[in-house]
Amino acid sequence: MIRVTGLEIVYGRGTPLEKRALSGLDLAIPDHQFVSVIGSNGAGKSTLLAAIAGDVLPTAGRIEIGGEDVGRVPAARRAARVARVFQDPLAGSCGRLTIEENLALAAARGMRRGFGLALTRSRRHVFRDRLAELGLGLENRLEDEMALLSGGQRQAIALVMATLAGADVLLLDEHTAALDPAMAEFVLDLTRRVVGEKRITTLMVTHSMRQALDMGDRTVMLHEGKVILDVSGDERHALQVEDLIRMFRRVRGQDIDDDSLLIG
Ligand SMILES: Nc1ncnc2c1ncn2[C@@H]1O[C@H](COP(=O)(O)OP(=O)(O)OP(=O)(O)O)[C@@H](O)[C@H]1O
């Protein structure tokens, strides 16, 4: 269970640039649930993910994963438990390292230094098998530098990396937004597969209303640092993209200029 209670995050406190990104946010996510998160620009979506990852500390409130206060979990253990995939395909892996070196680093998360880095033959087999499952032919390119891959290939590998250390929480921050439509669809399918197989508790931030309703078990909408919509089950099933757009318009108090961005 991820339990977020009264979470407040203020950036640049006491400075002229002070910004309240989250203001008293409450959210409880049972194990193995897949939650899609939407909200307008600046609603606090990325901040919520960063806080769950332990990268941003609460100004007030608390975040627990499996009953443990995230702020008190040592960074190495946190990194093994909570995996993140970012919008920028370059952000999740090191371009100057080979595919297998990146995978070895990911598999070593949470281990004592040095222990996990050895590229043993059996480990190569595991990497090759995991990449073969993607169906992109990357299993034959283990020694290629990551920088040679396309954005979509890198995001697919980032998803594999996210699961190698046995993370039980996966945070996806618009991880398909920078991809062309075909590759975005591929990565979304892969996301469904990975989350389904590994049963990882997942939060996926998206700007696409369609994805917010189609992906996962529950849709949460943020606005000005708070949860303003939280639907699952039949209620969610009955919701149409148009309903979400209407809600969006209402809370924003203005028209959305380009619905295609949100529907796509
Ligand atoms: N490091 C930071 N320092 C100062 N302000 C920040 C920082 N990060 C985010 N903010 C501000 O906090 C608010 C919430 O930002 P956040 O990135 O969490 O929103 P978001 O919902 O992910 O937005 P977007 O959809 O545009 O990515 C915004 O007003 C943003 O400008």
Side-chain angles (χ1 to χ4, degrees), residues 1-4 7 25-39 43-56 63-68 70 73 77-89 91-93 106 109-110 130 133-134 152 154-179 184-222 227 229-233 236-237 239 244:
M1 169 81 88
I2 301 174
R3 191 179 290 282
V4 179
L7 182 61
L25 187 141
D26 296 311
L27 190 63
I29 304 172
D31 288 343
H32 315 306
Q33 193 171 62
F34 183 165
V35 181
S36 293
V37 182
I38 47 168
K45 306 177 296 295
S46 296
T47 299
L48 173 62
L49 264 51
I52 291 172
D55 290 345
V56 174
I63 304 171
E64 289 171 21
I65 301 180
E68 272 186 305
V70 166
V73 178
R77 192 145 62 84
R78 233 173 34 218
R81 272 176 97 175
V82 180
R84 260 169 114 184
V85 182
F86 299 91
Q87 176 175 351
D88 180 358
S93 50
R109 273 188 206 135
R130 295 294 302 277
E133 287 168 14
L134 298 178
R154 280 182 84 146
Q155 289 305 66
I157 290 184
L159 277 172
V160 170
M161 287 168 64
T163 61
L164 273 176
D168 39 26
V169 174
L170 177 61
L171 305 174
L172 306 169
D173 199 346
E174 293 190 60
H175 68 311
T176 62
L179 308 180
E185 206 45 54
F186 175 85
V187 172
L188 284 175
D189 278 349
L190 180 64
T191 304
R192 282 192 195 93
R193 200 158 18 115
V194 166
V195 173
E197 279 167 14
K198 306 281 175 196
R199 304 194 68 223
I200 312 178
T201 309
T202 300
L203 274 95
M204 185 188 87
V205 169
T206 177
H207 268 120
S208 157
M209 303 278 183
R210 166 67 48 219
Q211 285 176 23
L213 291 179
D214 286 355
M215 296 288 292
D217 320 301
R218 176 174 172 189
T219 303
V220 166
M221 190 189 280
L222 300 190
V227 174
L229 174 82
D230 185 353
V231 284
S232 53
R236 182 186 198 236
H237 205 66
L239 267 185
L244 279 189

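Sequence positions, counted from 1, serve as the residue numbers for this chain.
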Give a yes or no on whether a salt bridge exists between Asp230 and Arg218, defined as a side-chain N under 4.0 angstrom from a carboxylate O.
yes

Where Ala156 and Phe186 come nearest, the two heavy atoms and their spacing:
CB-CE2, 4.2 Å

Using a 4.5 Å cut-off on heavy atoms from C-beta on, say whether the side chain of Leu27 contacts that of Val35.
no

Side chain to side chain, Pro30 and Thr201, heavy atoms closer than 4.5 Å
no

What's the spacing between Phe34 CZ and Ile29 CD1 if we round to 0.5 Å?
11.5 Å

If only atom types and distance count, is the side chain of Arg81 paired as donor or acceptor with the main-chain N or O of Ile65 below 3.5 Å?
yes

So do the side chains of Thr206 and Met215 get within less than 4.5 Å of each other, counting heavy atoms only?
no

State which residues pass salt bridge (Lys or Arg N to Asp or Glu O under 4.0 Å) with Arg192; sequence neighbours excluded, sorted by chain then number.
Asp189

Is any side-chain heavy atom of Val220 closer than 4.5 Å to one of Leu222?
yes

Are side-chain N/O atoms of Thr191 and His175 paired as donor and acceptor at under 3.5 Å?
yes

Hey, does Ile52 have a side-chain heavy atom less than 4.5 Å from the side chain of Val70?
no

Stepwise side chain to side chain donor-acceptor pair (under 3.5 Å) check, Asp173 with Ser46
CA-CA 7 Å; Asp173 199 346; Ser46 296; 2.9 Å; yes

Heavy atoms of other groups near Arg193 CZ, more than 12 under 6.0 Å
yes

Is a donor on one side and an acceptor on the other found under 3.5 Å between the side chain of Asp31 and the backbone of Met1?
yes

Do any N or O atoms from the side chain of Lys198 and from the backbone of Thr163 form a donor-acceptor pair under 3.5 angstrom?
no

Under 3.5 Å, is there a donor-acceptor pair between the side chain of Gln155 and the main chain of Ala184?
no

Sidechain-backbone polar pair: Asp217 side chain, Gln33 backbone, donor-acceptor under 3.5 Å
no

Carboxylate-amine/guanidinium proximity below 4.0 Å for Arg3 and Glu68:
no

Step-by-step side chain to side chain donor-acceptor pair (under 3.5 Å) determination, His207 to Glu174:
CA-CA 7 Å; His207 268 120; Glu174 293 190 60; 2.9 Å; yes

Of all heavy-atom pairs linking Val85 and Ala162, the shortest is CG2-CB, 4.4 Å

Please answer whether the main-chain N or O of Ile200 pairs with a side-chain N or O of Thr202 as donor and acceptor at a distance below 3.5 Å.
yes

Given Ile38, Thr219, Leu239, Asp214, the one that forms side-chain contact (heavy atoms from CB on, under 4.5 Å) with Met209:
Ile38

Would you say the side chain of Val187 lies within less than 4.5 Å of the side chain of Leu159, judging by non-hydrogen atoms?
yes

Which heavy atom of Leu7 sits nearest to which heavy atom of Ala51, and what is that distance?
CD2-CB, 4.1 Å

When rounded to the nearest 0.5 Å, the distance separating CG of Leu179 from CZ of Arg154 is 12.0 Å

Under 4.5 Å between any side-chain heavy atoms of Arg236 and Ser36, yes or no?
yes

Test item: Arg84 side-chain N/O and Leu172 main-chain N/O as donor-acceptor pair under 3.5 Å
no

Minimum heavy-atom separation for Arg78 to Gly54, with atom names?
NH2-O, 3.4 Å

